[in-house]
Structures are given as structure tokens and as C-alpha cells.
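For reference, the structure discussed in these notes is given below.
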Amino acid sequence: MTIIVFDLDDTLYDEITFVYSGFREVARFLASSYSLSEDILYADMLCELEQSGRGKVFDAALQKAGIHSRENVGSCLKVYRQHVPQIELFDDARRFLDRSAPNSLYIVTDGNKLVQHRKVLALGLYDYPAIKKVYISRRFGVHNEKPSPHCFHLICAEEKVSANAVVYVGDNPAKDFVGIRPLGFRTVRIMRGNHKDVEREPHYEAEYRIHTLDELEDILIEMNMDKG
Ligand SMILES: [Mg+2]
């Protein structure tokens, strides 16, 4: 039997849409608190993201609006992390989940526990019949996030299978495969999102590459794994 495990961000949905959704909510919050233009605040955040990445987006937007303080940065972060995200599954992800057997799939995702929980909730993944369990790895401690194999071992124990019966599909060669592939887990890299053009040393890479989840069934056959 084959157990398929998915990463979440940039594998099942487009992570940048979460970022946009969070910025929009922060812009709305600041606009209503300070009688500022939501659209200008939002545009400033996007501009900062484009120029310097995610690190200081709220600092920059607050500075530009003349309302920077540590407290306001904290409030922005809180709104961002606690907002109900407006996000959707990739079409190919939905198609794959829809044709998968009940309780046949898992998710293993890193990141802030509440943020990841809200994403899973917003994507409707807790209610998806095909998904048996979602592992938010930080619930087991930061040291059990990827590349730690901890959650993958839990899945093996739950399914009473060995590592070679488990396929992980993820997008990030920095951490998705390097910890589990040497243990015999099978790995597939989906080439999309932030890391799609990243080339790493061979031991960071997955066994196979795909561009959409529509290719996954054929890859499973090539890997000599039935879909379970
Ligand atoms: Mg990812």
C-alpha cells in the first residue's frame, strides 16, 4: 500500500496568496485605526515585498505612513497571523484530492501552529474525505520540523508501513527531502512557488520532479507504487 503525504505551502495552494490576504487584512486594520487609505497601505506593502522581501514589510509601511512604533509592528503581526485567510487550493490539487480514496492522504507542514491551522481550515482540508490527518510539525517542537523525519515516522507507525511505502510531495529542496530520503522515504518535488528555480546539491533533491499534481499518478507508477 502506498501512503501519499503532501506538504502544504506552494504544494497544495499558492503561498503568496496567503501573504496578499494577510497584507490586505493588515491594511484594513491600519486604515480603520488611523483613517488612512487601505489601498495605499496595501500597495506600499506589496512594493516593499517586491523590493526587499517579507522581513520588514510592516516596518516600512508604518514608517511611510508616519505611524511606526514597536507596538504597531506587533499589532500588524498579530492581525496578519490571526486573520482568516482568503486562499484556495490549486486546481490540480483539488483534482487529485477529489479522485483519491477516503483517508488515504496525509499532510506534513511546518510553520506557526495557529497560522498553519487557519490555512488548513480555510482550504477546507480538515473536511476533505481523502485526508486522514494533518501534521503541523511544530506541535511536536521546533526541532521536529522538517528536515526532521519525526512526523513521517509517526505516519509509518500509524499506517504500520515502512518508509519505502511513503511518498512525500513537496516544493522546497532546502528541507522537504534531505531528512527523509536517506531513510528510504520516496520523494517527489513539485516545481512551483518560491523555490521553483532553486537547484540544490543532489542530496537535497527529490527522486522525481513534477510540475503539476496531474502528473503524480504516472510518477507513482514509474516509482512502482500503486495509489493505494
Ligand atoms: Mg512548501
Side-chain angles (χ1 to χ4, degrees), residues 3-23 49 53-55 80-81 85-97 100 105-126 128 130-155 166-181 183 185-201 203-216 219-220:
I3 307 299
I4 302 171
V5 184
F6 288 107
D7 167 54
L8 181 64
D9 299 303
D10 282 339
T11 296
L12 294 181
Y13 85 99
D14 192 356
E15 191 183 10
I16 195 69
T17 60
F18 172 82
V19 176
Y20 294 154
S21 158
F23 286 177
L49 177 72
R54 278 190 230 177
Y80 182 83
R81 289 192 179 135
Q86 305 294 311
I87 52 177
E88 285 177 15
L89 292 170
F90 282 123
D91 287 343
D92 58 304
R94 193 186 308 277
R95 279 194 291 276
F96 192 90
L97 298 182
S100 297
L105 310 174
Y106 287 83
I107 291 171
V108 172
T109 178
D110 289 348
N112 181 287
K113 288 176 273 193
L114 287 175
V115 171
Q116 296 311 95
H117 167 71
R118 285 197 186 87
K119 290 174 182 172
V120 174
L121 203 60
L123 293 167
L125 292 169
Y126 289 124
Y128 238 99
I131 293 171
K132 188 162 178 183
K133 205 161 180 176
V134 178
Y135 282 98
I136 296 174
S137 54
R138 203 174 291 175
R139 287 190 175 143
F140 305 93
V142 175
H143 63 289
N144 283 319
E145 290 195 307
K146 295 175 281 184
S148 161
H150 182 74
C151 292
F152 299 90
H153 286 318
L154 294 179
I155 292 169
V166 178
V167 187
Y168 190 49
V169 184
D171 68 292
N172 185 354
K175 63 176 184 176
D176 283 345
F177 318 115
V178 64
I180 57 172
R181 192 173 166 190
L183 305 176
F185 289 92
R186 310 298 301 272
T187 51
V188 177
R189 176 176 171 190
I190 187 154
M191 307 300 287
R192 61 184 171 200
N194 231 350
H195 309 285
K196 69 176 188 297
D197 299 319
V198 174
E199 294 290 338
R200 292 292 304 250
E201 304 88 310
H203 69 284
Y204 280 96
E205 283 292 344
E207 264 179 273
Y208 288 87
R209 289 182 172 190
I210 55 175
H211 293 83
T212 83
L213 295 175
D214 295 327
E215 298 164 57
L216 186 55
I219 289 290
L220 293 173

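Order of listing sets the numbers, starting from 1, for every ligand and every atom in it.
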Handout entry: Test side chain to side chain contact (heavy atoms under 4.5 Å, CB included) applied to R189 and V198, T11, I210, V169, the passing residue
Key = V198

Practice task
Report yes or no: do D110 and S137 form a side-chain donor-acceptor pair below 3.5 Å?
Solution key: yes

Fill in the blank from the handout: Listed as residue and atom, the protein N/O/S atoms under 2.8 Å from the Mg ion (ligand 1) are D7 OD2, D9 O, D171 OD1

Exercise for the section: For the pair Y168 (side chain) and V108 (backbone), establish whether a donor and an acceptor sit closer than 3.5 Å, ignoring hydrogens and angles. Expected result: yes

Handout entry: Side-chain heavy-atom pair L123, L8 within 4.5 angstrom cut-off
Key = yes

Fill in the blank from the handout: Of K146, R181, H195, the one forming a side-chain hydrogen bond (donor to acceptor under 3.5 Å, both in side chains) with D176 is K146

Practice task
Ignoring hydrogens and angles, tell me if any N or O in the side chain of S21 forms a donor-acceptor pair with the backbone of Q86 under 3.5 Å.
Solution key: yes

